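Structure first, then comments.
Below, all heavy atoms of this structure are taken into account, side chains as well, without hydrogens, waters or symmetry copies. Only a predicted model underlies this, so the values are computations on that prediction, with no experimental measurement involved. Lettering of chains follows the sequences in order, A, B, ..., and the numbering in each one begins at 1.
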Amino acid sequence: MTRLLEIRDLKTYFYLRRAVVRAVDGVSFWMDPGEMVGLVGESGSGKSVTALSVLRLIQMPGRIVSGEIFFQGRDLLAMPEAKMNSTVRGQAITMVFQNPRSCLNPVLTVGKQISRVYRTHKGVSTGQANDRSLGLLKLVQIPDPERVMRRYPHQLSGGMCQRVMIAMALICQPQLVIADEPTTGLDVTVQSQILSLMRDLRSQTQAAQLLITHDLGVVAETCDRIVIMYCGKVVETGSVQDVFQQPTHPYTAALLHSVPDVRKDFRTTTIPGTVPDARDPPSGCRFHPRCTACADICRVEEPPLIQIGPSREVACHQRLGG
Amino acid sequence: MTTMDDAAPADTGRSWWGARLWGRLEYPAYIIRRNPVTLFGFSVIVLLVIIALAAPLIATHDPLAVSPANALEPPSRQALFGTDQYGRDVFSRIIYATRLDLFIALTSVGLAFAVGTVLGALAGYFAGLADNLLMRLVDVIMAFPPFILAMGTAAALGAGTANIIYVVALIQAPIYVRLARGEILSAKERPYAEAAHTMGNSPLQVIFIHLLPNCVPVLLVQVAVNLSWAILNAAGLSFIGLGVRPPTPEWGGMINEGMAFMLSGHWWLFFFPGLAIVITILAFNLLADGLRDVFDPRLRW
Amino acid sequence: MRLLIYIARRLLLLIPTLLGVTIVCFSLVRVLPGNPAYFILGPYATEEDIEQVKTELGLDKPLYQQYVIYLNDILHGDLGYAWHTSQPVADDLKQRFPLSIELATIALIITLIVGVPLGVVSAVKRGSWVDNVARVLAVTGVSMPMFWTGLVLIYFFFFRLRWAPPPMGVLDVLMERPPTVTGMILVDSIIAGNWETFGSAISHLILPAITLALPMIGSITRMTRSSMAEVLHSDYVRTATAFGLPRRTVIYRDALQNALLPVVTMIGVLYGFALGGTVLIEMIFGLTGMGSYSFGSIMNMDYAGVQGAVLMVAVIFVMINLLVDILYAFIDPRISYG
């Protein structure tokens, strides 16, 4: 069976006046159809840039430098722009962004914004597109959808706007929905509503979901597999169960320790040091300045991502529990 | 991200005073290095100031010396920009006019800035009835197209250099009132304003020592823009006969005088003073763009 | 309905502004130095003459009474008597104003037609040669004093090339004006179906209109460019792109519509600039509009004329700004009419 999505050695750099920011520097991971994968990392680790690269939404001064992104066997990076628009964006792969209120066009009604996506891709009449939009708004549990259709984004709450975004993301029945920190900028109570909505929708729509977050708790609750990024690279991947029970990368372990555990005593440890500057990453393993298991080889040689089990990969010279 | 491009220059063993001076000049230097067009605008302004100060050294003739025998001579080696209907040297007149035009621009903008900013800051801090009245007054002044108001008041005050300065200041002051008021309104809600207040500073101290200096960058961009407007308006008023009186050389007035000789082909009379205006205003505009670029990256274009 | 309430509210707010405007115009003559009676009678008047004229003009009454009289007069359409044209100021303005309005409007139309697309292309093709040319043109445009640009244009297109008609009047010398309906020569020509006068008027008005438009094109191009550039980097434009909407739709629907909102607010400012500019332009191009009227009044120290013209321009400017605000509220759903 072909993978739904396979990213190989993706590099996306930002060319500033005096420096090159290597936001994504050789990322590889894959997803199967219908799977729910959590992409986790601290801010600045390159999660969002990876997601934007999949849809080729990187704006100047950023550029996808090299790598391959296969979606159902087709290389998205080799696809002409027009074909991207007519077959991939908004249809096969859709995206839900953070800060939903600023992601909707302020001068168009919600109904118009949803239905025009459907109309553009399916070539149906306005009436049909409106009916379909109404159905989607009901699916994402928006009360009084007829009224909401005629509203402008500024007249809706952040949570409502995110539901609208999700409706937009699902209207063309995509195979993959990328959710880039979909709860950022929302109230805490609304956050859990949105997440549970996304879980429900997954079972109803069969669409795979790539959930980008820095919240390990969310991943534990909702995802099948987890991909952990650090400073533009993937450091560890595996099923949520495996990784959470037996982390092999010191960074993963440290990350897990920094989450308060309700069952124990809420005690947490922080990771010493700060996230390195992506313009000038450390030599060898990028985590080595902060790593407790750092050895000489870690300072000079970059560890490759190696497979250590079925769907389990890690990039570390000194893997834990080895 | 981009603001971190330039690290502070390493200390290269300058003396203490040298280091202090460098610390003062570093930021402007940084602005100019970032953008060569700004550097160009800035250099032109420096050059204009030098021309204004050293006018007697640069001018080849007495700007007021009449010489009927040499009237309406085209540009030549003796008279770079030709001579006017009285045989006066156009080049020398333009050089001397630089003095006057820059002086008018600087004093009128300075006046507008001082009065407008202080009133705006007080109004923004204290609010209340006086604030309301001031804002209504500003609304009224801004209800007039600027040049029309300038023309009307200049007509009422009578021609003359001092009056031009008042008039040009009058039409620009409302901008500073609004800007300073808005800045103070938002600044006074911030914690540092509260802190300054609880430290026992009087309201005036809070406004002028703690709050206003933080608004300077925004105001500075406006100053650069307004200097160019000031020159346009002052020259425009002189052009319609409401400003500087002949025979004192002034760019707008010279264009007015030269206009009558244009259709007899004596183009140099009106052309060169206008060119001087274009260059000056262009320089101020480029400088303003550069400042805006640095202080407000959102407006970068 | 809410829009109507908003308009009504704005109209009410207009009253204090207009009162303020009248106070300023009133002050122009009475409070500032200079005695109108002296100006009316000239330097050879005797003390008694001046006193008599002062009484006639009501200048011996207290200021507030004078203001009430003045306000009452202008409400009845009496703007005083302009002695340099020997007729009521109101009649002068009626004859002179349409031309200025026409000129300012043509200039504004040229500005919008040229400046907005230039700014859009400049922002979309950032860093291209179009962008660079547009930026240079824009900053040069705003740096040129129009009383000079006008002269340069006349020198080249009339004196040198003979393409343009002489800068005198709005029609060729022997041509007869179409019957006055609106007072605007182009509109009246169309109403009369007189294409000969229409063409002549166009040829006379095109250079002044371009002169007036150049600096405005500069500022609207800069404004459009920066506004468009900001919008193109906005989250909602990214959303539209991410959902596979064609680039044309993204740029010309999502981005442009939002980018034009601040540009609309600028129309009022530009119109004020154009009205102020007509004073200079009409003088250069020999047009008899409000500008040359103000200029003539100033030269003859005819204060009633200056006062009337300034008041008229201010009222028109205030009205234009009101229209722009209403238009803005109409097109931006985020404006709450409350």
- Task: State, to 0.1 Å, how close C:P333 and A:H154 come at their nearest heavy-atom pair, and which atoms those are.
- Result: O-CE1, 3.1 Å
- Task: Mind listing the closest non-hydrogen atom pair of A:Q59 and C:L232 along with its distance?
- Result: NE2-O, 3.5 Å
- Item | Separation between CD of A:Q98 and CG of C:D235, rounded to the nearest 0.5 Å | 8.0 Å
Considering only heavy atoms and a distance below 4.5 Å, find which of [options] pairs most often with chain C.
options	answer
A:G90, A:P106, A:S86	A:P106
A:L57, A:L55, A:T120	A:L57
A:A169, A:A82, A:C103, A:P174	A:C103

Checking heavy atoms, do the side chain of [X], its backbone, both or neither come under 4.5 Å from chain C?
X	answer
A:R116	both
A:M84	neither
A:L108	side chain

- Query: Any residues in residues 241-261 of chain C near chain A, with a heavy-atom distance under 4.5 Å, and which are they?
  - Reply: C:T241, C:A242, C:F243, C:G244, C:L245, C:P246, C:R247, C:T249, C:R253, C:D254, C:Q257, C:N258, C:L261
- Query: Is atom NZ of C:K125 surrounded by more than 12 heavy atoms (other residues, nucleotides or ligands) closer than 6.0 Å?
  - Reply: no
- Task: May I ask you to test the A:Q113-C:T239 pair for a side-chain heavy-atom distance under 4.5 Å?
- Result: no
